[in-house]
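Values below: all heavy atoms of this structure, side chains included; hydrogens, waters and symmetry mates excluded. A, B, ... follow the sequence lines: proteins, then strands. Residue 1 opens every chain.
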2 protein chains.
Amino acid sequence: MIAEDAATLFGVLSNSDRLDVIRALVEAGPDGMSAGNIALKIGASPSRTSFHLNALSESGILQKERRSRNLNYRINFKTIGALINFLMEDCCKGSAELRDCCTMR
Amino acid sequence: MIAEDAATLFGVLSNSDRLDVIRALVEAGPDGMSAGNIALKIGASPSRTSFHLNALSESGILQKERRSRNLNYRINFKTIGALINFLMEDCCKGSAELRDCCTMR
DNA sequence: CTTTTATTTCAATGATTCTTGAAATAATAT
DNA sequence: ATATTATTTCAAGAATCATTGAAATAAAAG
């Protein structure tokens, strides 16, 4: 991953609503959740939720799939993992000091 | 760490210049670098560099210390580590799937 | 084929962030 | 004291991002 793409992904994560969406989808498990249920869960209007869902899926953090009337979203952990790898390995050159600060080690 | 603080930190990381600063300081090692040398290294004007250094140290990603005429900056890995922990443990609830995507595991 | 449900798109507005270059501050050296 | 070096601060403007509510689209049901 190049720095510009990482910067874009960090930008997508730099919003509480979007972090709430990720949390809701992690809780929901591998089947994901519909846009409407996500909106209810995070307490935001449909259009506001849609705006954030678009940023998240545009960047590859979420994947969407239509299921009849609903649009179902689920997390794509590969993208989040790639971003963490960029930060730890690329950007911080695998720093041992940083690794020691991380619980998963 | 609460979601709002994490969102702020992600916002600080959402800029290529600032990622370049972090990379330069990781390369520089534990002694860090002066603002002027950072500006030279990342190829940005002094005031622009100062703007980004301020965002980085304000958020706790960098620490600064005056050394006579120079202001010396170095990385505070604790903050970056705490953010990675938030993302992996808090936000993604320690997801095994996410952990499997990370090289450090 | 009209209505209902689910969601997105759009335009307008407000808020935040970034860049630039000039001026201000801080420390040191002459 | 004055000049030099290092860095920040500031104001102005441009660019990007977020929110709102109304209108548009998509699918399904009556």
Sub-4.0 Å heavy-atom contacts from residues 61-68 of chain A onto DNA chain D, ordered by number: A/Arg66, A/Ser68
Any side-chain heavy-atom pair of B/Asn15 and B/His52 under 4.5 Å: yes
Shortest non-hydrogen contact between A/Pro30 and A/Arg74, atoms and distance: O-CD, 3.5 Å
Interatomic distance where CG belongs to A/Asn54 and C1' belongs to C/dC10 [whole Å]: 13 Å
B/Arg18 side-chain N/O to B/Val12 backbone N/O, donor-acceptor pair under 3.5 Å: yes
Separation of atom CZ in A/Arg69 from atom C1' in C/dA6, rounded to whole Å: 7 Å
Distance below 4.0 Å between B/Arg48 side-chain N/O and C/dT19 OP1 or OP2: yes
Heavy-atom donor-acceptor pair, B/Asn85 side chain to A/Thr103 backbone, under 3.5 Å: yes
Interatomic distance, B/Phe51 CZ vs C/dT20 P [rounded to whole Å]: 12 Å
Validation row: A/Leu13, A/Leu83 side chains within 4.5 angstrom (heavy atoms): yes
Any donor-acceptor N/O pair, B/Ser14 side chain to B/Gly11 backbone, under 3.5 Å: yes
Positions of residues 8-42 of chain B (non-hydrogen atom under 4.0 Å from DNA chain C), listed by number: B/Asn15, B/Asp17, B/Arg18
Interface limits on DNA chain D, where chain B has a heavy atom under 4.0 Å of a nucleotide atom: D/dT4 to D/dT9
Flag, side chain of A/Asn72 to backbone of A/Arg67, donor-acceptor distance under 3.5 Å: no
Donor-acceptor contact below 3.5 Å, side chain A/Asn76 vs main chain A/Gly60: yes
Heavy-atom donor-acceptor pair, B/Ser57 side chain to B/Leu53 backbone, under 3.5 Å: yes
Donor-acceptor contact below 3.5 Å, side chain B/Ser95 vs main chain B/Cys92: no
